[in-house]
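Take a look at the structure below.
Any value given below was found using the heavy atoms of this structure, including those in side chains, with hydrogens, waters and symmetry copies removed. Keep in mind that this is a model prediction, so the values were computed, not measured.
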Amino acid sequence: MLFRSVVQKVGMVASRLLELCIEHGMTPNLSKNKTEVLLSFRGHGSRKQKKAFFGPHASKSLPVVTEYGTMHLPLTTTYVHLGGLLHHACDQRDEIKRRLGIAFSTLNHHRKLIFRNWALPLQKRCQLLESLVLSKLLYGAETWVVTEEATVAHFHAAVLRLYRRLLPVPSDQHMADDEILTLVHMPSPIELIRRARLRYVATLHHCGARQEWGLLAADTAWQALMEADLERM
């Protein structure tokens, strides 16, 4: 009964939003990855609901009744908005893995021309790595909150693999993390995240008194990370 009530309320909200769009002369794009309903069932009985809405035989859409007819909105558990992955969990594990995939794809695309081109000085290749690859990797990193050490270790190892690609060493040659960081003169993986958060706070500070400060203060996990960054700095 609880899940049914939640779905009914979601349908009512979606119905009103769609009607407002039409009343303002806008035609909603109800295609997948454009307009979707983000649902995440939790608690007792949630497994049955997940199977009903997301199972192999489910329609994976939510019928919404409006004054202009019935519309079917695609259902999803994650949604990419403005380049970032949205979901109900606070951990950014999936977003970090997605960003790492984008970073390695970008590096491989420019591998022969730039990053494995030994005619270019290492310093120049490091600069290009930061502008072309790390910029994509760290998009939205100022808001990341990671609660699992395995994710931290995975991110650390992946960034060092990116750095190592700049060095003319065999793939089977062992190199310590400190050795790689010393050769490329690049920040450590954790420092990359710290810099992103500190820059974000500086940007908010220059914006003056805004409502976002109250929202950020309520995010105790992110606030603890920022306090640690400030102490580190």
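Every residue meeting the side chain to side chain contact (heavy atoms under 4.5 Å, CB included) condition with Thr66, not counting sequence neighbours, appears here in chain and number order: Ser15, Leu18, Glu19, Val64, Tyr68, Met71. Residues satisfying the side chain to side chain donor-acceptor pair (under 3.5 Å) criterion with Glu130, sequence neighbours excluded, are Arg195. When the side chain to side chain contact (heavy atoms under 4.5 Å, CB included) test is applied to Lys34, the partners found at least two apart in sequence or on another chain are Asn29, Ser31.
Side-chain atoms of His154 and Leu100, non-hydrogen and from C-beta on, do get closer than 4.5 Å to each other. Side-chain contact between Lys112 and Arg116 is absent, with no heavy-atom pair separated by less than 4.5 Å. Side chains of Val201 and Leu198 form no contact here, defined as non-hydrogen atoms less than 4.5 Å apart. Between Leu166 and Met186, every side-chain heavy-atom pair lies at or beyond the 4.5 Å cut-off. Residues Lys9 and Val13 fail the side-chain proximity criterion, which asks for heavy atoms closer than 4.5 Å.
Between the CG atom in Leu122 and the CZ atom in Phe115 there is a gap of 11.5 Å [rounded to 0.5 Å]. Atom CG of Leu129 is separated from atom NZ of Lys124 by 13.0 Å, given to the nearest 0.5 angstrom. Taken to the nearest 0.5 Å, the CG atom of Asn117 stands 7.5 Å off from the CZ atom of Arg125. Between the CD atom of Glu179 and the CG atom of Leu183 there is a distance of 5.5 Å, given to the nearest 0.5 Å. Here the CG-CG distance, from Leu132 to Leu137, works out to 13.0 Å after rounding to the nearest 0.5 Å. Rounding to the nearest 0.5 Å places CG of Leu204 at 13.5 Å from CZ of Arg199.
Shown here for Thr151 and Arg93, the closest heavy-atom pair between the two residues is OG1-CG, 3.6 Å. Contact between Ala14 and Leu73 at its shortest, heavy atoms only, is CB-CD2, 4.1 Å. Nearest heavy atoms, Thr182 versus Asp178: OG1-O, 2.7 Å. Of all heavy-atom pairs spanning Trp144 and Tyr139, the tightest one is CZ2-O, 4.2 Å. Of all heavy-atom pairs spanning Ile193 and Ala141, the tightest one is CD1-CB, 4.0 Å. Nearest heavy atom pair, residue Ala176 against residue His174, reads N-NE2, 4.1 Å.
Residues Trp118 and Val169 fall into different hydrophobic clusters, defined by Ile, Leu, Val, Met, Phe, Trp and Tyr side chains chained together at heavy-atom separations under 4.5 Å. There is no path of hydrophobic side-chain contacts, each under 4.5 Å, that joins Leu75 to Val65.
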Which side-chain N or O atoms in residues 103-111 pair as donor and acceptor under 3.5 Å with protein atoms at least two apart or in another chain?
residue	atom	partner	partner atom	Å
Thr106	OG1	Ile102	O	2.9
Asn108	OD1	Arg165	NH1	3.1
Asn108	ND2	Phe104	O	3.1

Let me have the donor-acceptor pairs involving side chains of residues 155-163, under 3.5 Å, with sequence neighbours excluded, atom names and distances please.
residue	atom	partner	partner atom	Å
His156	NE2	Asp177	OD2	3.0
Tyr163	OH	Pro187	O	2.7

Under 3.5 Å, side-chain donor or acceptor atoms of residues 225-233 against the rest of the protein: list the pairs with distances, not counting sequence neighbours.
residue	atom	partner	partner atom	Å
Asp229	OD1	Arg194	NH1	2.7
Asp229	OD1	Arg197	NH2	3.3
Asp229	OD2	Arg197	NE	2.5
Asp229	OD2	Arg197	NH2	3.2
Arg232	NE	Glu191	OE2	3.2
Arg232	NH2	Glu191	OE2	3.2

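At distances below 3.5 Å, not a single donor-acceptor pair connects side-chain atoms of Arg164 with backbone N or O atoms of Ile180. Between the side chain of Arg99 and the backbone N or O of Leu138 there is no donor-acceptor pair closer than 3.5 Å.
At most 12 non-hydrogen atoms from other residues, nucleotides or ligands lie less than 6.0 angstrom from NZ of Lys136. Within a 6.0 Å sphere centred on CD of Glu149, other residues, nucleotides and ligands contribute 12 heavy atoms or fewer. Around atom CE of Met175, more than 12 heavy atoms belonging to other residues, nucleotides or ligands sit under 6.0 Å away.
Using a cutoff of 4.0 Å between basic side-chain nitrogens and carboxylate oxygens, Glu23 and Arg16 are scored as salt-bridged.
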